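Heads up, the thing below is written out as structure tokens.
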Amino acid sequence: MDKEKIARTIVEMTNEAVNTGNQKLYWEVIGFVEGMRRAGQFPEDFAKLLETDIHDQWAKRDRRMKERFKRMWGYSAC
């Protein structure tokens with residue numbers, strides 16, 4: 001597998017997980033990165049960086065959804 005294809009795969013998997021909110025897909029992309037690290041395809045530091053970035057994107061999505069829910073709740077409570 002070439003590096004560009006691997007990078008595209010990780011970006012696409014991450015985007016799909018974040019855009020759909022599917023936690024199973026989130027864990028699949030984390031597992032993919034972990035598998036690449038264990039197979040020796042990614043250095044430890046790089047894999048950790050990728051996992052952190054994926055987690056941050058997921059957490060940002062969660063924060064946006066919580067804010068959206070708070071606004072909707074505020075409008076419906078009136």
Side-chain angles (χ1 to χ4, degrees):
M1 221 182 217
D2 67 22
K3 292 179 182 182
E4 186 176 333
K5 188 173 182 177
I6 293 170
R8 256 189 269 123
T9 300
I10 292 170
V11 168
E12 288 171 6
M13 290 173 74
T14 302
N15 286 340
E16 184 178 3
V18 170
N19 290 337
T20 63
N22 187 329
Q23 194 170 29
K24 181 180 177 196
L25 295 176
Y26 165 75
W27 287 112
E28 282 180 10
V29 70
I30 293 290
F32 180 79
V33 171
E34 180 64 17
M36 295 299 283
R37 183 194 64 79
R38 289 184 182 201
Q41 297 292 319
F42 292 163
E44 184 79 32
D45 294 342
F46 181 65
K48 196 64 168 163
L49 179 70
L50 281 174
E51 288 177 0
T52 300
D53 180 63
I54 294 163
H55 174 73
D56 288 348
Q57 289 184 49
W58 185 261
K60 183 178 177 182
R61 179 201 175 280
D62 278 351
R63 284 191 302 274
R64 282 193 321 257
M65 294 306 286
K66 286 177 185 175
E67 284 299 316
R68 181 181 290 164
F69 179 78
K70 284 180 187 178
R71 283 194 310 270
M72 286 190 296
W73 181 260
Y75 293 139
S76 65
C78 295

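Computed from a prediction, not measured in an experiment: that's the story for all the values here.
The two residues Thr14 and Gln57 make their nearest non-hydrogen contact at CG2-OE1, 3.4 Å.
Looking only at side-chain heavy atoms (C-beta outward), Arg63 and Lys66 stay at 4.5 Å or farther from each other. With contacts defined as side-chain heavy-atom distances shorter than 4.5 Å, the pair Ile54/Phe32 does not qualify.
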Under the salt bridge (charged side-chain N to carboxylate O under 4.0 Å, His left out) rule, what do Lys70 and Glu67 come out as? Steps first, then yes or no, please. CA-CA 5 Å; Lys70 284 180 187 178; Glu67 284 299 316; 3.8 Å; yes
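No path of Ile, Leu, Val, Met, Phe, Trp and Tyr side chains, each step under 4.5 Å between heavy atoms, connects Met65 with Leu25, placing them in separate hydrophobic clusters. Residues Val18 and Val11 do not share a hydrophobic cluster, clusters being chains of Ile/Leu/Val/Met/Phe/Trp/Tyr side chains in contact below 4.5 Å.
Take Glu34 and apply the side chain to side chain donor-acceptor pair (under 3.5 Å) test, not counting sequence neighbours, and it matches Arg37, Arg38. Annotation: side chain to side chain donor-acceptor pair (under 3.5 Å) contacts of Asn22 (sequence neighbours excluded): none.
Listed by first then second residue, pairs satisfying ring-ring contact (aromatic ring centres under 6.0 Å, His included) with a partner in residues 52-72 read Tyr26-Trp58, not counting sequence neighbours.
Interatomic distance, Ile30 CD1 to Ile10 CD1, rounded to the nearest 0.5 Å: 10.0 Å. Atom CE of Met36 and atom CD1 of Ile6 lie 3.5 Å apart (nearest 0.5 Å).
The pair Arg8-Glu4 counts as a salt bridge, with a side-chain nitrogen and a carboxylate oxygen less than 4.0 angstrom apart.
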